[in-house]
Colleague: 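Before anything else, here's the structure in question.
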Amino acid sequence: MEHSYQPRLLEQAIQQGWERQNPWRATEDSTRPKYYCLSMFPYPSGKLHMGHVRNYTIGDVLARFHRMKGFNVLQPMGWDAFGLPAENAAVKNSTAPAAWTYENIDYMRGQLRTLGFAIDWSREIATCRPDYYRWEQWLMTRLLDKGLVYRKTGTVNWDPVDQTVLANEQVIDGRGWRSGALVEKREIPMYYMRITAYADELLEDLDQLDGWPEQVKAMQRNWIGRSEGAEIHFAYAEGEGSLKVFTTRADTLYGATYVAVAAEHPLATAAAQHNPALAAFIEECKRGGVAEAEIATQQKKGMDTGSFVVHPLTGARLPVWVANYVLMSYGEGAVMAVPAHDQRDFDFATQYGLPMQVVVQPADGPLAEPLTEAFTADGVLVNSEDFSGRHSPEARTKMGAVLMALSSGAPRIQYRLRDWGISRQRYWGCPIPIIHCAACGEVTVPEEDLPVVLPEQVVMDGVGSPIKKDPAFYTTTCPKCAGPATRETDTMDTFVESSWYYARYACPDQDQSMLDGRANYWLPVDQYVGGIEHAILHLLYARFFNKLMRDVGLITHDEPFSRLLTQGMVLKDGAKMSKSKGNTVDPQPLIEEFGADTARFFIIFTSPPEQSLEWSDSGVQGAFRFLKRVWTLGQQLAAAGTSTSNCDAPEEQLRDLRREVHASLKQANYDMERQQFNTVASASMKILNTLEKLHGLGAGAITREGFSILLRLLAPITPHLTEALWAQLELGGPVYDAAWPVADEAALQRDQIELALQVNGKLRGSLAVAASASKEDIEAAARTHPNVLKHLEGLVVRKVVVVPGRLVNLVAN
RNA sequence: GCGACUGUGGCGAAACUGGUAUACGCACGAGACUUAAAAUCUUGCGCCGUCAGGCAUGCGGGUUCGAGUCCCGCCAGUCGCACCA
């Protein structure tokens, strides 16, 4: 009597066994290579979505695979628990963000356990707990002392109706999401982290990240955006001082016909004081949000300020324009405009009838004027006094030297990367450990007073942050002078918590310091798994924090993540799953109906990890069908008992089938190493197809051998099913500790091989030859093949290409 | 707008370094078992053509004996753009 496959009961029983033995608990062990496998921790939004299931399944496959390969594996889990959605939910449901968050964590933890991940839960972290965030406050005070955190004004989205700062996602088509009011830009004081001080190192160390996808490294390089150029000073025509611009094209300096500044530039502000039209235009530029995509796609507009600056070499008076395409946040917030050699300047100059001057000609002859577009390539200089006749790169170098001699500029390296603004005017975040004292100014909270605890029993009314209205929180005394003082009421960007959690997992119970020696054992993370959407910000900030922690002496390595796997999105009907589109699939009912193993297998099988995954209910059925077949064959083998025969089958048919099993295993091992898990799942399906044939032929030992391979191959993907069958077949120990299978090379040997036969690259037949056949033998056999002879009729063979083991191609004309 | 990526049957996809395109599944067709259905099993399945054969990897070129794979130019879609996480 066969038992049917009942995943719910089976999985619960297996999980209870794991909870008793706790095999995922990791401890430092110098005798084995360590493998720290980390998946990006979730925001506790309420319940798991398919993206989480996919992310953690991929991580779990890697963790379990490496355990079977003999590594000392750590796979932790935690909660990125601060953030905006908790505040929104609190306003909507009249609950406190903390209570909502803890409830979600409890529910989602239960879901993760149901999925059977090999997680060391003793290391669980929630970033909203004071025992976690106190250490980030501690680090912040160190960084303030080192000058790596500083205060300046920054631009935010301001909702004039709700009187509140909006996140970019809360700005929809230039309007506040609740009030519908037109959003304005507003300057407020904020704290910044000096990530630009590490720009060069963040850029250069990308080269040592061999285990990262090239595309992610390329995105980070572009984001950092190092460019070599020059700073050029244009003296004000009236009054003292000069306007600084940065350019990578100093060679085009003689072609500058005007300069343009951002609306927020001091020069624009000054000029607007006695020019109402200009003031109105600047106000217009300040409308709209701060998102770069919005700014970059808006129509280019500008206005003459009426002021002039002086060209540092020619002495010409150049008009100063305000232009909305100039970004205050990049360089000096001002550009020299060279319409003939910069497309944006060309478009702007064309629109406003500003002059153009060609100063660079292409090597192959002069440009046809008037220009129809800017000539932006390097070339030979003209109309540039002493510089005429020089090539662009040479001219750039010389220009830097000449400007320096005139004190009108200097060569300079500029980054696109800006310092990281970490202040948020929100409640549900880590308090910034600073006290403002009328007498002493800005004072960091002393170490013994940390953590600055965020009160959790609050009422969210949707208007402003509770701690900004709570004297019990913000009223304090100055640590320096003991006089009355107020606490900073802004909280930190939640990217701060996620920038160092990977290190804290090594020693989550440490209450005397941020990290201890265990961090140097486990770090760097050997494999990091997460969504491609984090390719730039999170991963750059985490790399930055690693270097900060290194430089305060907490850890020794330079980079946090040795290998990175960026998993694709989960789609339904070709679109990202989202509540608004109504195309979500809840993992919970799926697991209840088919079990975690089916969900895991479907996710692994359906797409390679880095690509998007198209959800398919019938695909889930297919996965379930496959696991049922594995179960059924397992029951039959268990009933048959151990075979007395051996695997050295004399019959050719059995030898061929056994070869198929080992060939699939060999391919699967290759695919496992290159993290192409979908074809590992395919290979396991092929092996099952073959094993069913072998079982039908009564080949007991070969089938049993193949089945033990199949169970181990599937163990990382479907751990419950394989654990149960492994025990039932008495294969020894738990399958999670079984040795990873390796193909038997002897089984892969073959005497005869099939070659493809081509004439002029077209397939004309196939040829069976001895595996040992020489090129000459193969060519001779190919020339006598009837279909080949037919296609060679009237032609002379000019060349024969033999690709060993693959094909023979006769080239004839 | 800028940066990065993706595009192969009706669908998800495979083809590792250029070497027999469509493995493995899904859906669908036919059959078996069944009173029936579900489940399960067997079998067929890129397109055109009666065959011979021809045409097919988003579109247009190129390199090569040979291109899904390499190069150039387009088109479409996806992700990121600094306060969503």
Side-chain angles (χ1 to χ4, degrees), chain A residues 40 42-43 45 80 82-85 154 156-157 165-171 190 213-216 218-219 221-223 225 289-298 300 325 329 344 416-426 493-495 498 531-538 540-541 566 568-569 571 574-576 602 605-608 610-623 625-626 628-629 632 664 667 670-671 674 676 678-679 681-686 689 754-763 765-766 790 798-801 803 805-807 809-812:
Chain A
M40 290 180 184
Y43 177 78
S45 54
D80 190 12
F82 277 136
L84 209 45
V156 294
N157 301 304
V165 175
L166 298 178
N168 281 339
E169 73 157 5
Q170 298 173 318
V171 180
M190 300 208 290
E214 281 306 321
Q215 54 156 318
V216 174
M219 283 192 265
R221 279 190 195 101
N222 292 329
W223 186 260
V290 298
E292 190 177 307
E294 190 183 336
I295 293 163
T297 49
Q298 70 194 356
K300 295 193 183 9
Y325 72 89
S329 53
R344 276 192 309 191
R416 205 187 76 93
L417 179 69
R418 312 195 292 259
D419 277 339
W420 175 13
I422 54 161
S423 296
R424 298 291 179 269
Q425 297 68 43
R426 320 210 180 283
D493 182 1
T494 57
F495 270 125
S498 55
I532 183 70
E533 66 273 20
H534 296 292
I536 297 176
L537 291 179
H538 162 62
L540 191 67
Y541 294 147
T566 48
M569 292 184 311
L571 310 179
K576 186 175 181 171
F602 167 75
F605 171 69
T606 301
S607 292
E610 308 219 289
Q611 276 182 37
S612 59
L613 183 151
E614 176 66 34
W615 192 264
S616 153
D617 290 333
S618 53
V620 174
Q621 295 276 355
R625 201 145 54 216
F626 168 69
K628 271 195 288 191
R629 281 169 59 205
T632 304
S664 294
Q667 183 64 44
Y670 181 81
D671 291 341
R674 63 176 174 149
Q676 190 174 282
N678 57 322
T679 47
S682 297
S684 67
M685 289 174 140
K686 280 188 202 179
N689 290 343
E754 292 269 310
L755 296 182
L757 257 181
Q758 295 182 341
V759 176
N760 286 334
K762 295 214 182 234
L763 187 67
S766 73
K790 193 176 126 198
R798 301 291 175 191
K799 188 175 171 184
V800 179
V801 181
V803 182
R806 292 234 170 237
L807 60 75
N809 184 16
L810 304 176
V811 184

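Every chain is numbered from 1 and lettered A, B, ... according to where its sequence line falls, protein lines coming before strand lines. FYI, side chains are in, hydrogens and waters are out, and symmetry mates aren't considered; it's all heavy atoms of this structure.
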Colleague: Is there a Watson-Crick or G-U wobble partner for B:U42 with both distances under 3.5 Å, and if so, which one is it?
Modeller: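 Check on B:U42: paired to B:A30, both distances under 3.5 Å.
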Colleague: Taking CZ from A:Phe602 and C1' from B:A13, how many angstroms apart are they, rounded to a whole number?
Modeller: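 Answer to the nearest Å: 12 Å.
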Colleague: Nearest whole Å is fine: how far is B:A13 P from A:Trp615 CH2?
Modeller: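 Atom CH2 in A:Trp615 sits about 14 Å away from atom P in B:A13.
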Colleague: Find the distance A:Arg625:CZ to B:G25:C1' and express it as a whole number of Å.
Modeller: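 About 9 Å, once rounded to whole Å.
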Colleague: A:Phe495 and A:Trp420: aromatic ring centres closer than 6.0 Å?
Modeller: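 Centroid distance A:Phe495-A:Trp420: not below 6.0 Å, so no.
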Colleague: Quantified in whole Å, what is the P atom distance between nucleotide B:U8 and nucleotide B:G18?
Modeller: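 Approximately 22 Å lies between the P atom of B:U8 and that of B:G18.
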Colleague: Salt bridge (Lys or Arg N to Asp or Glu O under 4.0 Å) with A:Arg629: which residues, sequence neighbours excluded?
Modeller: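 In terms of salt bridge (Lys or Arg N to Asp or Glu O under 4.0 Å), with neighbours along the sequence ignored, A:Arg629 is linked to A:Glu692.
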Colleague: Roughly how many Å is it from CD in A:Gln667 to C1' in B:U17, rounded to a whole number?
Modeller: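 It is 13 Å, rounded to the nearest whole Å.
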Colleague: Could you let me know what B:A4 is paired to, Watson-Crick or G-U wobble, both distances under 3.5 Å, or none if it's on its own?
Modeller: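 WC or wobble partner is B:U78.
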Colleague: Ignoring backbone atoms, test whether A:Lys762 places a side-chain nitrogen or oxygen under 4.0 Å from the OP1 or OP2 oxygen of B:G19.
Modeller: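 No, no such contact exists.
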Colleague: With rounding to the closest Å, how many angstrom separate the P atoms on B:C55 and B:G66?
Modeller: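 It comes out at 15 Å once rounded to the nearest Å.
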Colleague: Can you figure out which of B:U40, B:C16, B:U20 approaches the side chain of A:Leu807 most closely?
Modeller: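 The listed nucleotide nearest to A:Leu807's side chain is B:U20.
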Colleague: So, OP1 or OP2 of B:G12: does either fall under 4.0 Å of a side-chain N or O from A:Asn678?
Modeller: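 Checking B:G12 against A:Asn678, no side-chain N or O comes under 4.0 Å of OP1 or OP2.
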Colleague: Checking base pairs now: Watson-Crick or wobble, both atom distances under 3.5 Å. What partners B:U17?
Modeller: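 Check on B:U17: unpaired, no WC or wobble geometry under 3.5 Å.
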Colleague: Would you indicate what A:Lys790 reaches in the nucleic acid, counting non-hydrogen atoms under 4.0 angstrom: base, sugar-phosphate, or nothing?
Modeller: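 Sugar-phosphate, no base atom in range.
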Colleague: Show your working on salt bridge (charged side-chain N to carboxylate O under 4.0 Å, His left out) between A:Glu754 and A:Arg806 and close with a plain yes or no.
Modeller: CA-CA 8 Å; A:Glu754 292 269 310; A:Arg806 292 234 170 237; over 6 Å; no
Colleague: Passes side-chain hydrogen bond (donor to acceptor under 3.5 Å, both in side chains), A:Ser664 versus A:Gln667? Steps please.
Modeller: CA-CA 5 Å; A:Ser664 294; A:Gln667 183 64 44; over 6 Å; no
Colleague: Considering just the side-chain nitrogens and oxygens of A:Gln676, establish if one lies under 4.0 Å of OP1 or OP2 belonging to B:A15.
Modeller: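 Checking A:Gln676 against B:A15: at least one side-chain N or O falls below 4.0 Å of OP1 or OP2.
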Colleague: Does A:Arg629 make a side-chain N or O approach to OP1 or OP2 of B:C41 shorter than 4.0 Å?
Modeller: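 Indeed, a polar side-chain atom of A:Arg629 lies that close.
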Colleague: Using atom C1' of each nucleotide, how far apart are B:U69 and B:U50 to the nearest Å?
Modeller: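 Approximately 37 Å lies between the C1' atom of B:U69 and that of B:U50.
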Colleague: Figure out the CD/C1' separation between A:Glu610 and B:A14, and round it to whole Å.
Modeller: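 Atom-to-atom, A:Glu610 to B:A14, this comes out as 17 Å.
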Colleague: Check whether any side-chain nitrogen or oxygen of A:Lys799 sits under 4.0 Å from OP1 or OP2 of B:U64, and answer yes or no.
Modeller: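 For B:U64, OP1/OP2 do not have a side-chain N/O of A:Lys799 under 4.0 Å.
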Colleague: Which nucleotides of nucleotides 74-85 of chain B have their base under 4.0 Å from a protein heavy atom (B), which only their sugar-phosphate (S), and which neither (-), written as one string 5' to 3'?
Modeller: ----SSSBBBSB
Colleague: B:U43 and B:C11: how far apart are their P atoms, nearest whole angstrom?
Modeller: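 Looking at atom P only, B:U43 and B:C11 are 26 Å apart.
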Colleague: Determine the Euclidean distance between corresponding C1' atoms of B:A56 and B:A38; express it in Å to zero decimal places.
Modeller: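 Per the computed distance, 39 Å lies between those C1' atoms.
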Colleague: Considering heavy-atom distances to RNA chain B, does A:Gly622 or A:Ser612 have its closest nucleotide positioned more toward the 5' end?
Modeller: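 Whichever sits nearer the 5' end wins; that is A:Ser612.
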Colleague: Is it true that the side chains of A:Asp617 and A:Gln621 contain a donor and an acceptor less than 3.5 Å apart?
Modeller: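 Result is no, nothing qualifies.
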Colleague: Whole angstrom is fine here: how far is it from CG in A:Leu571 over to C1' in B:U6?
Modeller: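 My rounded result for the distance is 12 Å.
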Colleague: Paired with B:U35: which nucleotide, if any, by Watson-Crick or G-U wobble criteria at under 3.5 Å for both distances?
Modeller: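 No nucleotide pairs with B:U35.
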Colleague: Has A:Arg798 got a side-chain N or O lying under 4.0 Å from the OP1 or OP2 atom of B:C65?
Modeller: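 For B:C65, OP1/OP2 do not have a side-chain N/O of A:Arg798 under 4.0 Å.
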Colleague: Should A:Lys628 be listed as having a side-chain N or O under 4.0 Å from OP1 or OP2 of B:U40?
Modeller: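 It does, given that an N or O in the side chain of A:Lys628 lies less than 4.0 Å from OP1 or OP2 of B:U40.
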Colleague: Between A:Glu533 and A:Lys576 (salt bridge meaning N to carboxylate O under 4.0 Å), is one present in this structure?
Modeller: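 Result for this pair is no, no salt bridge flagged.
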Colleague: Checking base pairs now: Watson-Crick or wobble, both atom distances under 3.5 Å. What partners B:U69?
Modeller: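 WC or wobble partner does not exist here.
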Colleague: Rounded to whole Å, please give me the gap between CZ in A:Phe605 and C1' in B:A13.
Modeller: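 Between C1' of B:A13 and CZ of A:Phe605: 8 Å.
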Colleague: Between A:Leu763 and A:Asn809, name the one whose nearest nucleotide on RNA chain B is closer to the 5' end.
Modeller: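 Taking each residue's closest nucleotide, the earlier one in sequence belongs to A:Leu763.
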Colleague: Strictly distance-based, threshold 3.5 Å: is any side-chain N or O of A:Asn168 a donor or acceptor partner for the main-chain N or O of A:Val290?
Modeller: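 Not confirmed, A:Asn168 side chain does not pair with A:Val290 backbone.
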Colleague: Considering only the C1' atoms, how many Å lie between B:A15 and B:C84, rounded to the nearest integer?
Modeller: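 Per the computed distance, 39 Å lies between those C1' atoms.
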Colleague: Which whole number of Å gives the distance between the P atom of B:G31 and that of B:A37?
Modeller: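 The same atom, P, in both gives a distance of 12 Å.
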Colleague: Between atom CG in A:Leu613 and atom P in B:G12, what is the gap in whole Å?
Modeller: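 About 11 Å, once rounded to whole Å.
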Colleague: Using the P atoms only, state how far B:C59 lies from B:G10, rounded to an integer number of Å.
Modeller: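 Between the two P atoms, the distance is 13 Å.
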Colleague: Does the side chain of A:Ser607 get closer than 4.0 angstrom to OP1 or OP2 of B:A13 through an N or O atom?
Modeller: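 True: A:Ser607 side-chain N/O within range (under 4.0 Å) of B:A13 OP1/OP2.
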Colleague: State the pairing partner of B:U50; accept Watson-Crick or G-U wobble contacts with both distances under 3.5 Å, and report none otherwise.
Modeller: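 Across all strands, not a single nucleotide pairs with B:U50.
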Colleague: Assign B:G46 to syn or anti; the rule is syn for a glycosidic angle within 90° of 0 and anti otherwise.
Modeller: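 Here B:G46 takes the anti form, which means its glycosidic angle is more than 90° from 0.
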Colleague: Under 4.0 Å, counting only non-hydrogen atoms across every strand here, what does A:Thr297 touch: a base, just sugar-phosphate, or nothing?
Modeller: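 Here A:Thr297 touches the bases of the nucleic acid.
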Colleague: Regarding A:Thr679 and A:Asp671, is there a side-chain donor-to-acceptor distance under 3.5 Å anywhere?
Modeller: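 Yes, A:Asp671 and A:Thr679 have a side-chain donor paired with an acceptor closer than 3.5 Å.
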Colleague: Under 3.5 Å, side chain of A:Asn157 to main-chain N/O of A:Gly289, donor-acceptor pair present?
Modeller: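 Such a contact is absent between A:Asn157 side chain and A:Gly289 backbone.
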Colleague: Has the side chain of A:Ser607 got a donor or acceptor atom that lies under 3.5 Å from a matching backbone atom of A:Ser612?
Modeller: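 Yes.
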